There are 2 protein chains.
Amino acid sequence: MIMVYVLTADPPEIKTGPVAVTIKDVARAAGVSVATVTRALSMPDVVRAATRERVLETAKTLGYQPNRAARGLITGRTGNLGLLVPDLANPFFPGIVKGVQARAHEADHAVFLADTDENPAAEAGLVRKLAKQVDGVVLCSPRMPEAELRALAADIPIVLVYRRIPGTPSVTAAFLDGMRQAISHLTALGHQRIAYVAGPRSSWANRERVKSLRAVGRDVAGNGSPAGRASAEGKVSAAAKCELVEMGSVTPTFEGGVAAADGVLAAGVTAVIAYNDLVALGLLHRCAARGVRVPGDLSVLGFDDIPLGAMVHPALTTVALPKGPAGRAAVDLLLQERKEKRELPTQLIVRGSTGPAEG
Amino acid sequence: MIMVYVLTADPPEIKTGPVAVTIKDVARAAGVSVATVTRALSMPDVVRAATRERVLETAKTLGYQPNRAARGLITGRTGNLGLLVPDLANPFFPGIVKGVQARAHEADHAVFLADTDENPAAEAGLVRKLAKQVDGVVLCSPRMPEAELRALAADIPIVLVYRRIPGTPSVTAAFLDGMRQAISHLTALGHQRIAYVAGPRSSWANRERVKSLRAVGRDVAGNGSPAGRASAEGKVSAAAKCELVEMGSVTPTFEGGVAAADGVLAAGVTAVIAYNDLVALGLLHRCAARGVRVPGDLSVLGFDDIPLGAMVHPALTTVALPKGPAGRAAVDLLLQERKEKRELPTQLIVRGSTGPAEG
DNA sequence: AGCACGGATGTAAAGGTTTTCAGCGCCATA
DNA sequence: TATGGCGCTGAAAACCTTTACATCCGTGCT
């Protein structure tokens, strides 16, 4: 009887969990140095075709995945992005997050999400914590003080979403044009006295909307004379005279809208533009409770186009702000390191909550 | 005249951006070795008190923050968590995400978010990609095939949210009890024929709800005889006889609810329980469009308690499932490496969409 | 023939941290 | 007076990758 003993250098080791296969393993298996492996993977043109093939092949069969931490240690780039939103429960943000997330994954980046629970004070700290682990962060921060923002931007690559400050890349939307579409729509329906219920004064988006409102207001000012200059995108029909009344700022929530409703109803207007959809929904809710017909007695128009707006009855007419595209654009800016301000288009979506002025 | 030249080893270098202060810098400044610094920071009891003080002091003044990548390289732990949700735009998920995120930050962990866009096929791949960069992942994946899930769980630490499979830690909610509360509420209002519109058959949550429904159904079965055993949480009033009719499965969306509405209205029921709030909202919407009074003609009851439900008119009665707490619990399980199944309580929230049966 | 050059590959350092091991001084015990 | 142990600290290895530098060889030129 002949016994054959096979001696192997590596005893048949029992591995639990996923085996971490390193670049060294690939190098050994392919019979090259680690340097060649890394070159084959990231500078394919500098290594001989035959070698490259062999390396790539073994890498694949071994299931090699570079260790990003190790890579980051030396390159300084992590392949990760940070994303900070004030409140994920606000239905405006998930769309942006999805956009960021999708684009980042396309570019083979992972994204850290941080939700600050509407606490602007905590934001800067959070970003700095993240800073070490990411190549840049996209920041949705309507309320953070500009100085703080600027300091942050000096330290790490940032792109702002729905906020603009000098010298920092950002992506926003054409609020002015949106507002023009909104008011144009309402005046075309015969409304001559329109309320705007404002959001938080500290919010960039609100300031911007008020600015737009007033700009459009000048065009349709009460005297009924056509505004002199034509706007690029077509301007509000100036034949209709129209009065805009701004109403005190509310929290940008459903509750804010509910609270504002009675004031709006007392203001003698036939239409109202809300700071955002959430506020508009609040208005709608209170109107329903008080038996005010929408759009019969009051037309309601929102901003944002949150999914919710299409689900209520009557469905909400709103100025749609790009969310996914904004997120994607932000990631693009970040990855291309372009210090650029991008402005995305807005679009009025007419649904059931606006109608002809009655009376 | 005497000129003094001071030669320094380091020319006054101009640094742009944040200076990365390393453990070496701290060690030099404190006059100790790097080993002592790391010990002072993470094994405080093994270093002499005076030394520890000095090191901690200098670390703070220098603003030292350990480089997590480097640490992870050697310890194998990253201090990061992964979180995977099927669709962030579904208002059920932001609450969970917020919970996960909040708890993770408390534990000084950052979280990677991945949204799979309702594509169960892509999920496993995503998780594996993340796997290298995280210590574990919390998985909201109602649809991923169980086999795949199991394979995943074998490779990396996982905790499931709102899904349960053998041998894997998970956090879910007391569906059965919730269903009991719901039906109890409806029968108390005098409803004797109640529809359930089911969600996707492939969804664990739907299977679970159907199971609960049938279990409760046995208790209140048409013969009107009281069920024998009392349930722990108080049981459905068995005096009322009640018939449950299950209706075909729909997509778990607003549109799904809209589509299901006409069938429900044709089924001769006075109340309907929807798979989730989104579906319930769809029902509500279609009812409003058809002039069906809610709750007068039909009582509508949802599951989940998404914020939206409180904003519509009439506001939605619903079985609230914990979202933030579920996220937090999931993180706890993950970090404590406890292979445990946790079941959170559910609670009926009565709002305006349910009322006494008429006729 | 000698030389420079360029292509392909290997060697080694570097990046920041943790951990193992060794060293040192000192006290208690034998 | 040795010896052992203990408390504290430092040196160096290790983690995995990328990159700067060195090596080797063949080719074309002077």
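We use all heavy atoms of the structure for the numbers below, so side chains are in, but hydrogens, waters and symmetry mates are not. Given the structure is predicted, the values throughout are model-derived calculations rather than measurements.
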Taking B/Asn90 for the side chain and B/Phe92 for the main chain, is one N or O donor matched with an acceptor at less than 3.5 Å? yes
Main chain of A/Thr22, side chain of A/Asp25: is a donor-acceptor contact present, judged purely on distance under 3.5 Å? yes
Under the side chain to side chain contact (heavy atoms under 4.5 Å, CB included) test against A/Leu113, which residue among B/Val97, B/Leu83, B/Leu88 passes? B/Val97
What bend angle does the helix from C/dA1-D/dT30 to C/dA30-D/dT1 show across its length, from five-pair end axes and to the nearest 10 degrees? 70°
Let me confirm one number: the [atom1]-[atom2] distance from [X] to [Y], rounded to the nearest 0.5 Å.
X        : Y        : atom1 : atom2 : value
A/Leu334 : A/Arg103 : CG    : CZ    : 11.5 Å
B/Gln133 : A/Gln133 : CD    : CD    : 9.5 Å
B/Thr38  : B/Met43  : OG1   : CE    : 8.5 Å
B/Lys323 : B/Arg328 : NZ    : CZ    : 15.0 Å

Between residues 33-47 of chain B and DNA chain C, which residues have a heavy-atom gap below 4.0 Å? B/Ala35, B/Thr38, B/Arg39
Members of residues 62-76 of chain B that approach DNA chain C, where some heavy atom sits under 4.0 Å away: B/Tyr64, B/Gln65, B/Pro66, B/Asn67, B/Ala70, B/Arg71, B/Leu73, B/Ile74, B/Thr75
Let me have the donor-acceptor pairs involving side chains of residues 156-164 of chain B, under 3.5 Å, with sequence neighbours excluded, atom names and distances please.
{"residue": "B/Tyr162", "atom": "OH", "partner": "B/Pro322", "partner atom": "O", "Å": "2.7"}
{"residue": "B/Arg163", "atom": "NH1", "partner": "B/Ser141", "partner atom": "O", "Å": "2.8"}
{"residue": "B/Arg163", "atom": "NH1", "partner": "B/Pro142", "partner atom": "O", "Å": "3.2"}
{"residue": "B/Arg163", "atom": "NH1", "partner": "B/Met144", "partner atom": "O", "Å": "2.7"}
{"residue": "B/Arg163", "atom": "NH2", "partner": "B/Met144", "partner atom": "O", "Å": "2.9"}
{"residue": "B/Arg164", "atom": "NH1", "partner": "B/Thr172", "partner atom": "OG1", "Å": "3.4"}

Tell me if the CD atom of A/Glu146 is crowded by more than 12 foreign heavy atoms within 6.0 Å. yes
Are A/Asp87 and B/Lys98 close enough, and set up right, to give a salt bridge (Lys or Arg N to Asp or Glu O under 4.0 Å), and what steps lead you there? CA-CA 8 Å; A/Asp87 181 13; B/Lys98 287 189 71 135; 2.4 Å; yes
Tell me, please, the opening and closing nucleotides of DNA chain D, 5' to 3', among those with an atom under 4.0 angstrom from a non-hydrogen atom of chain A. D/dC16 to D/dA20
Would you mind writing out the side-chain donor-acceptor pairs for residues 62-71 of chain A within the sub-3.5 Å range, not counting sequence neighbours?
{"residue": "A/Asn67", "atom": "OD1", "partner": "A/Ala69", "partner atom": "N", "Å": "2.8"}
{"residue": "A/Asn67", "atom": "OD1", "partner": "A/Ala70", "partner atom": "N", "Å": "3.0"}
{"residue": "A/Arg68", "atom": "NH2", "partner": "A/Gly79", "partner atom": "O", "Å": "3.4"}
{"residue": "A/Arg68", "atom": "NH2", "partner": "A/Asp108", "partner atom": "O", "Å": "2.9"}

Are the side chains of B/Glu123 and B/Cys140 in touch, meaning some heavy atoms are under 4.5 Å apart? no
